[in-house]
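Just so you know, residue 1 is the first one in the sequence shown, and it goes up from there.
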Amino acid sequence: SSRRPASARGGGGLRLPPPPALADFASGGGDRLAETHPEWAPFVEEIQTSLEGSITSHMRDCSKCRCFSVFSKTTGLKRQLSIHSFSSLCNAGVHSLASFVREALLRKKDAMLEAMAASLQIAAPQIMQHPHVAKQRQTDTFASLAVVAAERDRIVSQAYMREDMGPSLMKLASIQGALDLWRELDAKGHFPRGRPIPHANASQVLPAEVDVYACQLLQHFVNSAKDAARKWEEKWAPAYFDEVFSLFGLPLIDLDACLRERSADTVPPLNGIVWAKSGNGWTIDLDDMPLALEAIERVRAMTVAVRVRPTLSHEAGDVQTSRVLEDGCTIAFRDKVGLSGPYKPGSAAAAIEQTLEFDVAISGSQSALFSSCGVKALVHRAVEGYTSTVFGYGQTGAGKTHSLLGPQDAMSQFADDTPTLTTAGHMPAECFELIEGARRAKVSCQGLLPRAAQLLFRVLSHGGGEMPVVRTSFVELYNEKVFDLLNPASGVLDVRQRPNAAEGFHVPGRTDVVCRSAEEVLRILRQGVAVRHTSAHSLSRESSRAHAIFTMEIELGVGKCGKLVFADLAGSERSKKVDGANIQETAAINKSLLMLSNCISALAGGDTRASSAFRNSKLTKMLMESLCGTGYTLLLAALSPAERHFDETANTLYFAAKCSNIRRHTQLNLTPHEREVLELKATIRSLRRELAEAKSQAGPAPALPAPRSLLALPAPEERQRM
């Protein structure tokens, strides 16, 4: 034996020790496992028997091992399964036996890990990536089976404690996997840098925006998981979350680490989003479906909504003078006497606080404003044939334009859009959902006008029949001069009274564009916004220097027309407090707003001659139909909570309070002939009611004898007497 060639001992190489799995079994690892954990004895016996059969088979096939191995000289293989005896086999034989033992160990461990994954409600491949799981899985010893089995028993026995946390962890795992898939595709160049992802309706979503959205989404669900974990520990005390939700002593998920590893802790949070139920649990609810009849009928002819914007960076340190109460309709504010310090319940400052109640008071997101202010009901009323108007009022920099229009990059997004990628067949569904979510997140940031335009066509499509024609126009009043934003070359336009004085004023010569979809309306809107008069000053980086009015006229049939009007009024400002503002522009803005305030005062006071006050300014002339007419109007009053703007905040609240006192009746937009027909029908109904009341008061009429027919022949007896 000592003189045999090296090629005979190792299949062509030096004799090597058995691999770890086979070495552990040969050194008694299996016997020790069977002694300490009898439930594993059948498995060890199965390994023993299979090894004996494999050695016998190998001896028949390998002439070298028949000549030189220990097994060729002895019988009773069970006594010879040792490191020394295995080392006498050729390398091919040793590795074949070692692979068999290792695969047997892995099959047992994987079965137990799958049971653990099912109990944890996590995908099996994901649990395999856990550091300690991977370590235990790769440990080629029989003792590791007992460790994995003990961990499996613990996890399965605590399943009832994890039921409440299951949905949160599943959502978190889903978005983690989606973000990793997206970045993998992005790294492979599926999405060219700087180019938007193509959509059917030309929505503009960049790959970087999808990545930011996914990080924001991950932030949201990490925070949700943290809140759920705190509630879980309160329920299951004295158990600890990190102990129950762990694998082999290491926490199952490090919520902070999953943000750091994906750089998701460096992006701004995703605020003001409402999540809808879906398969994965992270679809944004845009609340863009038509309203029920009951919700439409609740809208008032004059609705006032007040929005308090957040404090800006340059206002840091200012005491807040106004806030929204929890009832969602009350604004609490303090004058300068009560500005001694921050608001605290029960303090002296709180006692000085005053309140005003409106239809809606909000300090939330764009989505919350769209859902609660009543603009959805006004869209329905416009489709019915009324004039519906939304106009924003408030100080410069208070957020009027943002509330009505939203960010410019969000105006090109559409809720009902789909990506049209050439690589669609190679993209996982999770990545499509991220693109969809990023687009819907941008839609949720849109102002009232873009959202209302999309809702308008959704309502029209639900009506059935031929789609009505929608005509749009966009004009602005700059320094008391009217300009057409859809045709700037047309020059200065005039404001003229309509032939029927009761119908108010109009702007002859303005451009009306026929739009047959929401995409066309938003394209016209972006075209007009691009040429508006704006400038930067100390209160706003992009301040509107003119009043802008966007109108959508809906042709509903012969002589019947609904209107949806959005007026973005330039903000009131004081020249002494604004650096960089043009004095002439400021004077023109404040003058027109003063005339508007006088008109509102006359309407609120019930002055029968209030309509004459609307002739004093071009702005009031253009808004006369909306404020003096028979339609529906929504005032959106924008407030800044900072102390430095308290005077303007008080003026805005005073203006909103006056609007709340306006009482008006509503009537459809009809031709004179149709209006006369309706009046006659109303008169007929009134006369019928009066006749019915008169009959009920007079009581039942006396019975009259049946009339005798003049043509009736006399009876036979009468004929005989005759």
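Pairs engaging residues 407-421 under the salt bridge (Lys or Arg N to Asp or Glu O under 4.0 Å) rule: Asp416-Arg458 [sequence neighbours left out]. Among pairs with a residue in residues 104-125, those fulfilling salt bridge (Lys or Arg N to Asp or Glu O under 4.0 Å) read Asp110-Arg137, at least two apart in sequence or across chains. Listed by first and then second residue, the ring-ring contact (aromatic ring centres under 6.0 Å, His included) pairs involving residues 97-136 amount to none (not counting sequence neighbours).
Residues passing the side chain to side chain donor-acceptor pair (under 3.5 Å) test with Ser412, sequence neighbours excluded: none. Listed by chain and residue number, Ser119, Arg162 satisfy the side chain to side chain contact (heavy atoms under 4.5 Å, CB included) test with Ala159 (two or more places apart in sequence, or in another chain). With sequence neighbours excluded, no residue forms a salt bridge (Lys or Arg N to Asp or Glu O under 4.0 Å) with Asp242.
Summarising the geometry, atom CG belonging to Leu564 is positioned 7.5 Å from atom CG belonging to Leu449; distances are rounded to the nearest 0.5 Å. Note: Gln204 CD to Arg439 CZ = 12.0 Å, rounded to the nearest 0.5 Å. The CD atom of Gln138 sits 5.0 Å away from atom CZ of Arg102, with the distance rounded to the nearest 0.5 Å. For the atom pair Glu209 CD and Leu434 CG, the distance stands at 13.5 Å (nearest 0.5 Å). If you take CZ on Arg307 and CG on Leu639, they are separated by 11.0 Å, rounding to the nearest 0.5 Å.
The minimum heavy-atom distance linking Leu404 with Val390 is given by the pair CD2-CG1, 3.9 Å.
Trp232 has its ring centre less than 6.0 Å from the ring centre of Phe245. Aromatic pair Phe474/Phe550: ring centres closer than 6.0 Å.
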Legend entry - Steps toward side chain to side chain donor-acceptor pair (under 3.5 Å) verdict (Glu476, His547): CA-CA 5 Å; Glu476 75 169 356; His547 310 298; over 6 Å; no

Inset, instruction - For the pair Lys188 and Glu184, evaluate salt bridge (charged side-chain N to carboxylate O under 4.0 Å, His left out) and give the outcome as yes or no after the intermediate values. - result: CA-CA 6 Å; Lys188 293 179 179 179; Glu184 181 180 347; 3.5 Å; yes

